[in-house]
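Encoded as structure tokens, the structure appears first; notes follow it.
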Amino acid sequence: MTMRPYVLLSAAMSVDGYLDDTTADRLLLSNSEDFDRVDEVRASCDAILIGATTMRRDNPRLLVNSEERRAARVAQGKPAYPLKVTVTASGDLDADLKFWHHGGQKLVFTVDAALDKVRTTLGDLADVVSTGPELDWGLVLDELGRRGVGRLMVEGGGTIHTQLMAQNLADEVHLAVAPLLVGQADAPKFLGSAAYPGGSTTRMKLLEARPIGDVVLLRYAPKERS
């Protein structure tokens, strides 16, 4: 039986739980020290996943930036960059985005209705897989495990974090809490409304709380509830 990857959700958020504000410019929540920590975590993973909405909004390259960390991966017999993964139900992807033109291999999960559209848009820029009539996170993780992904880092957005938490598929959560308040109801949040396992009275296990400059890193184990 194929082992599913260890799923790590990673996000930087304001004190009031927002991932960004509603302006055209991306809100920088982390500081340089925390960006370096994120780079280190990326280097430790076999794949990094973001949603198509996050890709369109932020246009990230999603790389391991440290040359030393890339060299260490190669020395361990791994590719210099983790596999880059996205998911889309609509199939609305832009082949010009930075995601497709930096780093190593790319993989897209979509649904049957959008499969041909995504393949036509991307051509040979990425491998494209359908999970059936709907996006099925269990099948996504099964396929990643089949491809040798042992550790998956999920960097958003909020809809994906919410789905994985609600389906009890996240093994670890890294939250970098920035000393900012957004206060905009239409801004994206780390988590939305959902029927989370155990309800509102169950407590996740705290693995670490550590200041990083003016940011606080909180690490939780969502499956270890009491």
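Positions are given from 1, in the same order as the sequence printed here. Not measured: the values here are computed from a predicted model.
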The criterion is salt bridge (Lys or Arg N to Asp or Glu O under 4.0 Å); which residues satisfy it with Arg203, sequence neighbours excluded?
none

[Y] backbone acceptor or donor facing [X] side chain under 3.5 Å:
| X | Y | result |
| --- | --- | --- |
| His102 | Pro60 | no |
| Thr120 | Gly123 | no |
| Lys84 | Phe99 | yes |
| Asp21 | Leu27 | no |
| Thr54 | Gly157 | yes |

Looking only at side chains, do [X] and [Y] share a donor and an acceptor under 3.5 Å apart?
| X | Y | result |
| --- | --- | --- |
| Arg225 | Asn168 | yes |
| Ser130 | Asp112 | yes |
| Glu172 | Tyr220 | no |

Side-chain heavy atoms under 4.5 Å apart, restricted to Ile/Leu/Val/Met/Phe/Trp/Tyr: what other residues fall into the cluster of Phe35, or is it alone?
Leu28

Any chance you could measure Leu62, atom CG, to Ile48, atom CD1, to the nearest 0.5 Å?
4.5 Å

Are [X] and [Y] packed together at the side-chain level, in the sense that at least one heavy-atom pair is separated by less than 4.5 angstrom?
| X | Y | value |
| --- | --- | --- |
| Ser10 | Val154 | no |
| Leu107 | Leu144 | yes |
| Leu115 | Val128 | yes |

Selection residues 152-161 - residue pairs positive for side chain to side chain donor-acceptor pair (under 3.5 Å), sequence neighbours left out:
Arg42-Glu155

With the 4.5 Å side-chain cut-off for hydrophobic clustering, are Met13 and Leu181 part of the same group?
yes

Flag yes if more than 12 heavy atoms outside Arg56 fall under 6.0 Å of its CZ atom; otherwise flag no.
yes

I need the single residue from Met153, Met165, His174 that forms a side chain to side chain contact (heavy atoms under 4.5 Å, CB included) with Leu9. Which is it?
Met165

